Amino acid sequence: MSDPLDDLASALAAIVGDRHVLTDPDQRAGYETDWTGRFHGAARLVVRPASTDEVAAVVAICAQHGAAIVPQGGNTGLVGASVPRNGEVVLSTTRLTRCDPVDTTSGQVTVGAGLTLAVVRDHARSAGFDLAVDFAARDSATIGGAVATNAGGSRVVRFSTMRAQVAGVQAVMANGTIVGSLSGLPKETIGLHLPSLLSGSEGTLAIITAVRLRLVPWYRSTATALVALDSLAEAVRVLPQFRQSLPHLDSVELVMPSAMRLVCAHLGQACPVDATAGAYLLVECAAHGDPLDDLVQALLQHTPHSSSAVATDHVMRSHLLALRDNITVAINHIGVPLKLDVAVPLDALAATATDIESIVARLAPLASLVIFGHLAEGNLHVNILDAGPAASALTDAVLQLVIDRGGAISAEHGIGVAKTQWLVAQRGSAEISLMRSVKHALDPDTLFNPGVLLA
Ligand SMILES: Cc1cc2nc3c(=O)[nH]c(=O)nc-3n(C[C@H](O)[C@H](O)[C@H](O)COP(=O)(O)OP(=O)(O)OC[C@H]3O[C@@H](n4cnc5c(N)ncnc54)[C@H](O)[C@@H]3O)c2cc1C
């Protein structure tokens with residue numbers, strides 16, 4: 001039985017309808033724990049508005065009641081920023097499903113923030129275009145969440161991150177006003193750029209309700225190969241050669257041996273290439289014409305002694321891509337990991353991975369380390385299982401190492417609540433103070449996502 005609606009719930013129900021204000025603990029549960037199971041908190045209630053106007057009205061009512069809001073899209077975020085921490089209202093964007101026809105003249109589309117990446121990708125493809133950003137959580141992660149986290153994924157080597165795909169946003173500010181433009185003009189120098197401000201803001205400055213997206217051509221022909229290399233240093237060495245000789249290079253995903261063993265066991269299959277390699281690259285090219293010859297040529301030329309598996313049909317391609325797509329799932333299947341998504345300059349990548357292994361061996365000898373990532377951006381997803389009480393010391397040591405190497409303590413997942421205390425070491429007190437000023441100017445009462453990004 002749900003409790004009788006309190007004043008706030010009644011006021012919100014008058015806007016979105018009773019069915020979309022969830023006060024019952026069973027109904028709220030799915031919104032209260034993050035994808036990893038590491039972050040959890042009770043929500044005062046969950047509200048699911050279906051339009052920008054409804055979001056604006058919900059925000060105004062919450063502000064009147066002094067009820068802080070956690071914006072939530074697909075709840076696939078990995079840094080604890082999408083779930084409540086202290087009895088906040090969870091504002092789910094999943095009913096913001098506007099889907100305008102693809103504008104083939106501009107190569108853009110306007111969509112609601114709650115549509116998933118997969119839905120928008122399929123919509124774009126129906127008009128011969130494609131969504132530039134792709135990653136394994138595509139069936140749940142939303143466009144709004146991807147903008148709010150400046151998501152990356154596998155195609156950044158070719159098309160950059162989500163920030164670069166945003167031609168316009170519509171958003172609701174903490175005072176309930178609706179701002180932004182969805183005109184998508186490629187050129188406009190008319191003051192501060194709202195899409196840039198909100199990309200990567202992790203739900204702390206505004207609630208994004210709709211996005212004007214730049215699309216890319218849909219390259220229907222793909223060539224995919226898994227290459228076994230001696231070491232991560234070798235992988236870094238071949239990267240510029242692949243970049244130069246493969247004009248249609250679409251992704252260069254890194255899988256370290258521990259991740260390969262884990263995902264193969266999870267999928268119940270043998271490693272398709274040399275199982276004793278020191279690093280694996282999943283390389284994909286995509287083009288209008290078949291890029292297979294180019295890829296095979298590049299492999300023969302730049303990795304002549306390596307064992308590789310080249311997909312010659314869609315079934316084999318799916319098998320190879322499944323190896324990369326299922327690593328995160330395979331890790332979570334074993335336990336709740338300490339996740340550190342970091343990036344360093346490429347010339348420091350191999351040494352950083354080696355140093356991380358030493359750190360884990362020293363601070364948590366019984367823990368298991370699983371590393372994979374996006375090679376071209378020097379992005380390592382460091383997953384430590386069974387970190388136990390060493391979790392904080394491990395985080396300290398790894399993030400300090402990354403900062404010392406000139407890297408980023410978050411490459412694509414964001415700061416969330418997981419890394420707030422390390423942000424000052426990365427950005428310095430002057431920049432933290434600047435960010436606080438912006439936050440205070442836009443959200444003086446800390447209505448949006450308290451505790452996230454700036455603790
Ligand atoms: C299996 C798996 C693989 C992944 N792979 C990648 C990867 O390769 N690259 C990558 O970048 N990420 C990856 N992620 C992380 C995650 O999918 C992304 O961060 C994604 O962009 C989050 O989208 P979401 O809709 O789930 O957002 P949520 O998890 O719901 O929210 C994430 C953040 O965005 C805010 N937010 C959500 N919607 C809005 C909105 N409309 N307005 C304002 N703020 C909002 C939330 O408050 C929170 O701070 C992966 C996750 C999983 C589970």
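Whatever order the structure lists them in is the order used to number ligands and atoms, beginning at 1. Note that this is a predicted model, so its numbers are computed, not measured.
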Purely on distance, is any nitrogen or oxygen of [X] under 3.5 Å from one on ligand 1?
{"X": "Gly152", "result": "yes"}
{"X": "Arg324", "result": "no"}
{"X": "His381", "result": "no"}

*asked:* For the residue pair Arg48 and Tyr31, would you count it as a cation-pi contact if the rule is NZ or CZ under 6.0 angstrom from the ring centre and within 45 degrees of the ring axis?
replied: no
*asked:* So is Val452 touching ligand 1 or not, going by heavy atoms under 4.0 Å?
replied: no
*Going by heavy atoms, is Val70 under 4.0 Å from ligand 1?*
no
Is the shortest distance from a Lys or Arg side-chain nitrogen in [X] or [Y] to a carboxylate oxygen in the other one below 4.0 Å?
{"X": "Asp122", "Y": "Arg138", "value": "no"}
{"X": "Asp134", "Y": "Arg155", "value": "no"}
{"X": "Asp130", "Y": "Arg121", "value": "no"}

Is it the side chain (CB and beyond), the backbone, both or neither of [X] that lies under 4.0 Å from ligand 1, heavy atoms counted?
{"X": "Thr328", "value": "side chain"}
{"X": "Ala81", "value": "both"}
{"X": "Thr76", "value": "both"}
{"X": "Ile208", "value": "both"}
{"X": "Met162", "value": "neither"}

Measure across [X] and [Y] and return the closest heavy-atom pair with its distance rounded to 0.1 Å.
{"X": "Val46", "Y": "Ser92", "result": "CG1-CB, 4.4 Å"}
{"X": "Thr76", "Y": "Ser140", "result": "CG2-CB, 3.6 Å"}
{"X": "Ala387", "Y": "Ala364", "result": "O-CB, 4.4 Å"}
{"X": "Phe135", "Y": "Gly153", "result": "CB-CA, 3.9 Å"}
{"X": "Ile208", "Y": "Gly144", "result": "CD1-O, 4.1 Å"}

*Please check if any side-chain donor atom of His413 sits under 3.5 Å from a side-chain acceptor atom of Glu202, or the reverse.*
no
For [atom], what is the nearest protein heavy atom, given as residue, atom name and distance?
{"atom": "atom 45 (C) of ligand 1", "result": "Ala148 CB, 3.5 Å"}
{"atom": "atom 31 (O) of ligand 1", "result": "Ser82 CB, 3.4 Å"}
{"atom": "atom 19 (O) of ligand 1", "result": "Thr149 OG1, 3.5 Å"}
{"atom": "atom 46 (C) of ligand 1", "result": "Pro71 O, 3.1 Å"}
{"atom": "atom 37 (C) of ligand 1", "result": "Gly145 CA, 3.5 Å"}
{"atom": "atom 24 (P) of ligand 1", "result": "Gly74 N, 3.4 Å"}
{"atom": "atom 8 (O) of ligand 1", "result": "Phe135 CB, 3.2 Å"}
{"atom": "atom 44 (N) of ligand 1", "result": "Gly203 CA, 3.3 Å"}

Suppose I only count heavy atoms of [X] and a 4.0 Å limit; which atoms of ligand 1 are within that range?
{"X": "Ala137", "answer": "2 (C), 3 (C), 17 (O), 51 (C), 52 (C)"}
{"X": "Thr93", "answer": "41 (N)"}
{"X": "Gly77", "answer": "26 (O), 29 (O)"}
{"X": "His374", "answer": "8 (O)"}
{"X": "Glu202", "answer": "47 (O), 49 (O)"}
{"X": "Gly73", "answer": "25 (O), 28 (P), 30 (O), 37 (C), 38 (N)"}
{"X": "Asn449", "answer": "47 (O), 49 (O)"}
{"X": "Ala113", "answer": "41 (N)"}

Partner of [X] under side chain to side chain contact (heavy atoms under 4.5 Å, CB included), chosen from [options]:
{"X": "Glu284", "options": "Val157, Leu320, Leu295, Thr222", "answer": "Thr222"}
{"X": "Ile359", "options": "Leu394, Asp396, Val382", "answer": "Leu394"}
{"X": "Leu12", "options": "Thr23, Asp18, Leu91, Leu45", "answer": "Leu45"}

Evaluating non-hydrogen atoms only, which member of [options] is closest to [atom]?
{"atom": "atom 14 (N) of ligand 1", "options": "Leu78, Val133, Val169", "result": "Leu78"}
{"atom": "atom 43 (C) of ligand 1", "options": "Ala210, Ala206, Gly144", "result": "Ala206"}
{"atom": "atom 25 (O) of ligand 1", "options": "Thr142, Leu205, Leu117", "result": "Thr142"}

I'd like to know if the side chain of [X] reaches the main chain of [Y], judged simply by a donor and an acceptor atom lying under 3.5 Å from each other, with no hydrogens or angles considered.
{"X": "His374", "Y": "Leu380", "result": "no"}
{"X": "Asp445", "Y": "Leu447", "result": "no"}
{"X": "Asn332", "Y": "Thr36", "result": "yes"}

*Angle class for the His333/His266 ring planes (parallel below 30°, perpendicular above 60°, tilted otherwise)?*
perpendicular
